[in-house]
Amino acid sequence: MQSNPLSSPADSARSALAERPTAKVLIIGAGINGIATFRDLALQGVDVTIIDRGDYVSGASAASSHMIHGGIRYLENGEFRLVKESVTERNGLLKIAPHYVKPLKTTVPMFSAFSGVLAAPLRFLTHKQGKAQERGALLIKVGLVLYDSFSRDGGSVPKHEFHGRKKSLERLPRLNPGLKYTATYYDASMHDPERLALDVLRDGLDTGAHARAANYVEAVGMDADGVRLRNTVTGEEFSFAADVVVNTSGPWTDLTNAALGAASTYMGGTKGSHIVLDHPELLAATGGGEIFFENSDGRIVLIYPLAGRVLIGTTDLEHDMSQPIRTTEDEIDYFFDLVKHVFPDITVDRSHIVFRFAGVRPLPRHDDEAPGFVSRDYRIESSPLGARPGTLLSLVGGKWTTFRALAEHLSGDILTLLGVPRTVSTEGLAIGGGKDFPATPAAHTVWLAAHGDEVGRARAQALLTRYGTRAGTIIDFLTEAPDAPLAHNPLYTRREIEYLAREESVTHLIDLLLRRTSLAFVGGLSVALLEELAGVLAPVLGWDAAQSAAEVTAAAQELAEVHGVDLLGASEAVSAP
Ligand SMILES: Cc1cc2nc3c(=O)[nH]c(=O)nc-3n(C[C@H](O)[C@H](O)[C@H](O)COP(=O)(O)OP(=O)(O)OC[C@H]3O[C@@H](n4cnc5c(N)ncnc54)[C@H](O)[C@@H]3O)c2cc1C
């Protein structure tokens with residue numbers, strides 16, 4: 001789809017790369033790991049550019065289970081380093097990104113005292129799959145004691161508790177009465193990973209003109225002048241020279257290396273799917289926390305409340321990256337079976353699904369190891385650039401949870417290659433709208449009092465939840481000109497959408513629906529809403545009537561094909577999440 005290259009802010013960012021096609025560091029792939037590395041380098045004053053062939057955060061980073069977690073199950077694989085780093089980072093993110101990362105109470109129902117105990121050491125010793133069994137109470141107890149010991153951090157999250165059947169059912173009465181115990185511990189979740197990643201990106205861009213970013217720019221090859229980049233909106237190609245090229249293209253890392261003429265076989269990602277349900281009864285049954293348990297096939301599955309909906313995931317299936325990444329009907333049946341196992345008297349069917357999403361985990365190649373037991377740790381591979389002097393670094397692996405530490409590690413390697421000293425640490429450095437986020441009820445009240453005059457307290461609260469303290473800047477923008485709620489979703493206003501289009505590199509309507517807002521995630525979309533949004537975007541992005549209509553069609557098609565959202569059958573009613 002073509003757009004007027006002069007009128008869109010995102011198009012200007014793309015054109016600027018062609019006008020000055022050089023940087024010290026070029027990062028290919030703007031998922032959370034590329035973006036966090038970009039921020040880290042930008043803070044050191046390094047001349048750095050990041051690109052993505054699609055929208056920002058549209059790969060694996062948009063498909064996570066939204067958990068910022070230590071990964072208690074990785075203890076079973078003997079991945080103590082990873083678990084310790086993950087727990088430390090979880091505690092850190094609760095402090096530096098409090099607007100998006102919140103403590104998550106997690107309950108594990110158990111149906112036996114001992115199963116899993118024998119399988120665990122087998123897996124730990126051989127790194128092969130032991131017989132899939134439900135994890136028994138004893139194993140979980142040992143894991144949680146260890147987990148608590150990693151979590152000692154002045155009480156970022158409370159310690160775990162163990163309960164017998166009676167107490168468990170008092171706390172969560174809709175749980176399967178056949179359970180024997182429950183364990184409850186705390187991890188964290190992020191209600192809007194896409195927005196968190198955009199905040200990390202914004203932090204990098206705000207450091208100055210040495211830090212540049214463009215979406216819809218693909219690395220397609222390599223020649224003597226640099227990496228061949230293609231603007232996927234206009235089709236224009238140019239060579240971009242950099243001393244260090246960083247491949248953070250997640251599950252596509254081998255494909256990107258092949259395009260650069262540096263073939264690799266590092267990756268072996270597995271697909272995972274999720275569904276989002278609008279189901280008040282199930283939402284209430286979770287008691288506001290996560291239910292996390294092992295299905296009889298050995299997969300860990302989760303059910304938890306998010307943005308007023310219930311998120312259910314996930315699967316772990318081998319995937320061929322040349323094939324589309326979709327949630328299948330079989331996976332949905334599997335999710336329904338496990339809800340029945342945990343909450344036997346709650347009925348769930350396809351009419352409750354408002355959104356589905358799937359992604360491929362950027363895991364290392366794992367040969368005969370079963371998907372669920374492949375290491376979730378990451379490594380960095382280095383090789384010569386090939387067609388010109390320089391270094392190619394490829395990231396293999398990397399969870400959402402550890403993005404800050406991973407970026408510090410990766411940018412540390414890059415700084416060494418460039419001979420540049422580190423001047424700023426990202427440890428403890430607030431991210432985006434997490435800066436000065438009101439941490440206490442009193443501070444919260446003060447913030448709302450300071451910003452509620454202009455837009456009303458309820459709206460100020462909604463914006464604080466959505467954007468953290470960046471809401472202050474957004475409120476200023478909203479009040480500079482007349483504003484009005486969207487006719488087809490009054491939870492957003494026209495100027496809010498205009499702000500996102502101007503400031504956040506929106507290129508297509510789908511970017512706004514999936515990654516600048518939660519509009520698609522919570523359900524309630526309609527063709528009328530898409531048309532209204534396209535009407536707000538058009539003057540900012542330079543769309544004429546034909547292009548606006550084409551954007552609505554393209555967005556509706558992607559929603560149907562990828563996310564199972566059939567707009568023709570959808571109701572226009574939107575319940576407040
Ligand atoms: C089902 C599932 C559940 C998960 N749950 C969790 C969880 O709860 N907690 C957790 O911590 N982690 C979780 N993860 C893992 C986590 O989401 C990923 O490991 C992480 O997001 C990877 O980020 P990334 O930046 O490395 O890769 P990605 O987000 O995939 O980013 C790579 C980017 O590279 C771009 N790209 C590819 N090729 C090119 C090219 N040639 N030119 C330009 N750009 C290119 C892509 O468009 C993409 O945006 C989960 C993952 C999945 C799939």
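Nothing fancy with the numbering, it's 1 onward along the sequence. Just so you know, ligand 1 is whichever comes first in the structure, and atom 1 is the first atom listed for that ligand.
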Worksheet item: Can you list the ligand 1 atoms lying under 4.0 Å from a non-hydrogen atom of Trp252?
Response: 30 (O), 37 (C), 38 (N), 46 (C), 48 (C)

Fill in: side chain to side chain donor-acceptor pair (under 3.5 Å) partners of Glu331, counting only residues at least two apart
Lys271, Ser273, Thr315, Thr328

Worksheet item: Taking only residues two or more places apart in sequence, or in another chain, which ones meet Trp400 in a ring pair (Phe, Tyr, Trp, His ring centres under 6.0 Å)?
Response: Phe403

Worksheet item: With atoms numbered from 1 as shown, which atoms in ligand 1 lie under 4.0 angstrom from a non-hydrogen atom of Val217?
Response: 43 (C)

Discussion item. For the 3.5 Å polar cut-off, considering only N or O atoms, please tell me whether Ala60 and ligand 1 meet it.
Written reply: yes

Worksheet item: Which pair of non-hydrogen atoms, one from Ser382 and one from Thr391, has the smallest distance, and what is that distance?
Response: OG-CG2, 3.5 Å

Practice prompt. Looking only at distances, please establish whether an N/O atom of ligand 1 is found under 3.5 Å from an N/O atom of Ile28.
Written response: no

Worksheet item: Nearest non-hydrogen atom to atom 18 (C) of ligand 1 belongs to which of Gly398, Ser86, Gly250, Ser273?
Response: Gly398

Worksheet item: Which class fits the ring pair His563 and Phe355: parallel under 30°, tilted 30 to 60°, perpendicular over 60°?
Response: parallel

Worksheet item: Can you name the closest pair of heavy atoms from Ala36 and Val200 and give their distance?
Response: CA-CG1, 3.8 Å

Fill in: Nearest candidate to atom 21 (O) of ligand 1, where distance is taken over non-hydrogen atoms, out of Ala63, Ser61, Ala358
Ser61

Worksheet item: Would you call Arg90 and Asp187 a salt bridge, using N to O less than 4.0 angstrom?
Response: yes

Discussion item. Tell me whether ligand 1 is touched by Ile35 - counting only heavy atoms on the residue side and a distance under 4.0 Å.
Written reply: no

Fill in: Ion pair check, Arg202 and Asp199, cut-off under 4.0 Å
no

Worksheet item: Do any N/O atoms on Asn33 end up under 3.5 angstrom from N/O atoms on ligand 1?
Response: yes

Worksheet item: Is there side-chain contact between Glu218 and Leu229, with at least one heavy-atom pair below 4.5 Å?
Response: no

Worksheet item: Between Asp254 and Arg365, is there a salt bridge with N-O shorter than 4.0 Å?
Response: no

Worksheet item: Within the structure, does Thr270 bring an N/O atom to less than 3.5 angstrom of an N/O atom in ligand 1?
Response: no

Worksheet item: So is there a nitrogen or oxygen of Asp55 less than 3.5 Å from a nitrogen or oxygen in ligand 1?
Response: no

Discussion item. Does only the side chain of Thr314 get under 4.0 Å from ligand 1, or the backbone, or both, or neither? Count heavy atoms.
Written reply: side chain

Response to the item:
A student comparing Pro251, Ser64, Ala219 should find that the heavy atom closest to atom 14 (N) of ligand 1 comes from Ser64

Worksheet item: Do any heavy atoms of Lys271 fall under 4.0 Å from ligand 1?
Response: no

Item to complete: Decide whether the shortest distance between a heavy atom of Pro362 and an atom of ligand 1 is less than 4.0 Å.
Response: yes

Worksheet entry | For ligand 1, the portion of Thr248 having any non-hydrogen atom under 4.0 Å away | backbone

Worksheet item: Can an N or O of Met67 be found at a distance shorter than 3.5 Å from an N or O of ligand 1?
Response: yes

Fill in: Under 3.5 Å: N/O of Ser65 near N/O of ligand 1
yes

Worksheet item: Any idea which part of Asp52 is under 4.0 Å from ligand 1, heavy-atom wise: side chain, backbone, both or neither?
Response: both

Worksheet item: Would you call the rings of His99 and Phe437 parallel, tilted or perpendicular if under 30° counts as parallel and over 60° as perpendicular?
Response: tilted

Discussion item. Taking 4.0 Å as the limit for heavy-atom contacts, which would you say applies to Val220 with ligand 1: side chain only, backbone only, both, or neither?
Written reply: neither

Item to complete: Determine the interplanar angle of the His508 and Tyr216 rings, folded into 0 to 90°, and report it as parallel if under 30°, tilted if 30 to 60°, perpendicular if over 60°.
Response: perpendicular

Worksheet item: Between the candidates Ser249, Gly54, Ser58, which shows the shortest non-hydrogen contact distance to atom 36 (N) of ligand 1?
Response: Ser249

